[in-house]
Each structure stands twice: as C-alpha cells, then as structure tokens.
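Some notes on the structure that comes next.
These numbers come from a predicted model, not from an experiment.
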Amino acid sequence: MAAAGEASKFSEEAYAYPMTGGDGPNSYAKNSTLQRGAGDAAKELLNEAAEKLDIDILSSSNTFHIADLGCSVGPNTFFAVENIIEAVKFKFQNQGLNSQIPEFQVFFNDHTQNDFNMLFRSFSQNRQYYAAGVPGSFYGRLFPDASVHFFHSSYALQWLSRVPKEVVDKNSPAWNKGRIHYSNSTDEVVRAYEAQHAEDMECFLNARAQEIADGGVTVLLIPGRPNGTPHSHPVGNLSFQLIGSCLMEMARKGVVSEEKVDAFNIPVYAMTPEELEAAVEGNGRFSLEKMETLPHVSTHGTVSVTQLVVSHLRAALEGRITQQFGEEIVDELFESYLKKLEEQPSILATGTAIIFLVVLKRKAN
C-alpha cells in the first residue's frame, strides 16, 4: 500500500481543472493541433527511441506495457500510441523476431477529473492494443515496480503539481499580487516557481525510475524555452501576461474582484533543456540518450495564428478560470484577450518558445 500513500501526497491542485472535455467548439479535442504538430514532428525520433529498447530483456515478456502520461481526451494520445507501437514492432521485425512480437497494453493516464468518458468513446474499433485508464497525478506513483516498458508524455510536464504556495500568501515576499504568472513578476515569484518545478521533476523522475522495466525507455515532449533566455520570452508566458492584464481590467470595471485575481495563478513553468538535464543528473537513475529541439510545424491552416492561440489557451485554462471566477466571465475574458493579441501581433512573433524531445533510459541496477 506504500504506492497509494505516496501518490496521495499530490492533491492534484493543478490537475483539478482539466483540459476542456467533450467535443464542442472550445474542447481540447478540437483545439490541440499545435500539440499534434509536435507529435508529428517527433514520429521519426520515436523510432530512434524504440531502437534504445533492450529487446533481449523485453522479449521475455508476452505483453509490452506503454503508458501515456497526461493523455487528456484525444486524439493526440492515440496518434502517439500508434506511432510507438509501430516503432516497437519494427524493432522486433528488424531483429528477425516477428514471432516474438508481444501483445500491447496501453495505460492512458491523466488527473482524476479528466474526461475519460470522452477518451474511451474516441477509441478506434480497430486498435491494436488493450487499453486502460489510470487516474492520478504523474508526479506520484501510478504503477507497480518495473512494470512499464515505454513511458511517453507530450505537452504535460509544463504543468506544475500545484501553484507555489508562497505566491498566494499575502505575508510572503513572493506574493504575486496583481499578476497570474511568474513571467512578468518579481525575482521572489520566479524563484518560487523554479523551486516548485525542481521539486516536481525530482518526484516525476523518482516515480518513473521505480516503475520502468529493465531495458525500457521514457520519451518526453516538453514545451519550454531555449537555454539562457529570460522567463518572459516564451509565447505561452507572454500569453499569460496578457490574460492577467485582461483580468485586472475586468477587476477595475467590477466584473471580477481584485482579491480573486490576486489569488489566481497559473501553475505552468517553461523549463530549459539545461534544467531538464540537471534534473536527470540529480536523479542519477537514467541515462540521457537523446535531447533534440523539434522543428516548428505550421498547423493553423485557414485559421489565423492569433485565433489558434486563443482557442488553444481557452481549451487549456477554461476549467481553472471558471472555478475561480465563474463561467459567466469566460467569453468576455477571451474576447478581450483576442482583441489585445490582434492589437499587438508582434507578441506572437517575438516569443522564443521551443519544443524539445528527450529520450531517457533506465540505468541498470
């Protein structure tokens, strides 16, 4: 029962308000093409990751276990899983082990309030794997020891396990009054977010090191910022600054209370590749097999970049905003945000966000 107790340390504060579920116009399922673009760009690198698998060890099992951490509601998780299975099958075939290709069991993980019903309804009838949902924070234990062969997580590790407690404490020097993020705030607030991120990454890697099978790999797609760039630079961080200014304007108009704005912070952190490398080195139980920045992939089609950014951010934040301020302000807030972006299009051009892919392999005990 130790694993259950360990997982319970995480209140899932950051995860209590998931990506917008269902399949409506503001749902995550309809507004996640940016994430799909990164997944498409990573497909070839997934093949390379599968090459790192120790087949001699893995072929002794009749079932190959895959876990997608932070799966949300689809469809991107299904594309990722299918790419992984294809790559693993090719690895077996390339070594003349066609008769030893195992069955596949896929675990779809997200927080407890994720729309798993939507996820399950979206399963392909022709899928080549057994499927199960695993609710809970991936910053704690989710699986038995040495039970998962391939971990995958895409566009999830930017979410912290919780808002740093100091930034909502009026008596703390890190109180983030009048702002909703660290990117345009004081050094004290930045340090609070940095510390929370470091703690979370330590917990994440410790949990995975216990759960991954001998010879298995972990692949992470992480939105972040280049080494050496200021915290204010990634496009996402600039977007949070604008959302914060919209909320403060609404507070001045009396639409929302300023006190509620002061108590609202977004638990998102844009890490650098160096920070990820330091976390892996500090953990000591994984080898860093590959780290590569993915090329930018245009995915907006006929939709303007501005509208795409707004719709994606709404799908990610609507649950948290509704819980804090009520659903009646959501349309007005994002209309104001869209207007600001249209007035300042250079914001999207000046950001320096990156997506980087990391391949980790568990060191031998």
- Task: May I ask you to say whether Asp54 pairs ionically with Lys91, meaning some side-chain N is under 4.0 Å from a carboxylate O?
- Result: no

- Task: Using side-chain contact (heavy atoms from CB on, under 4.5 Å) as the criterion, point out the one residue from Thr218, Leu46, Leu220 that pairs with His152.
- Result: Leu46

- So among Val134, Val81, Val73, which one has a side-chain contact (heavy atoms from CB on, under 4.5 Å) with Phe108? Val81

- Message: What I want to find out is whether Lys177 reaches Glu258 closely enough, with some N-O distance under 4.0 Å, to be called a salt bridge.
- Response: yes

- Should Arg141 and Asn206 count as side-chain neighbours, where that means a heavy-atom distance under 4.5 Å? no

- Could you check Tyr129 against Phe104 for ring-ring contact (aromatic ring centres under 6.0 Å, His included), going step by step and ending with a plain yes or no? CA-CA 5 Å; Tyr129 54 87; Phe104 292 91; 8.5 Å; no

- Query: Taking NZ, NE, NH1 and NH2 as the nitrogens, is one of them in Asp262 or Arg179 under 4.0 Å from a carboxylate oxygen of the other?
  - Reply: no

- Item | Salt bridge present between Lys52 and Glu289 (N-O < 4.0 angstrom) | yes

- Task: Salt-bridge test for Glu249 and Lys340: reply yes if a basic N is under 4.0 Å from a carboxylate O, no otherwise.
- Result: yes

- Identified side-chain contact (heavy atoms from CB on, under 4.5 Å) partner of Phe356 from the options Met271, Glu292, Arg225: Met271

- Message: Would you say Asp68 and Asn109 are linked by a side-chain donor-acceptor pair, where the criterion is simply a distance under 3.5 Å?
- Response: no

- Task: Apply the test ring-ring contact (aromatic ring centres under 6.0 Å, His included) to residues Phe107 and Phe143: give CA-CA distance (whole Å), side-chain angles for both, the deciding distance (0.1 Å), then the verdict.
- Result: CA-CA 10 Å; Phe107 300 104; Phe143 305 99; 5.3 Å; yes

- Who are the salt bridge (charged side-chain N to carboxylate O under 4.0 Å, His left out) partners of Arg208, not counting sequence neighbours? Glu211

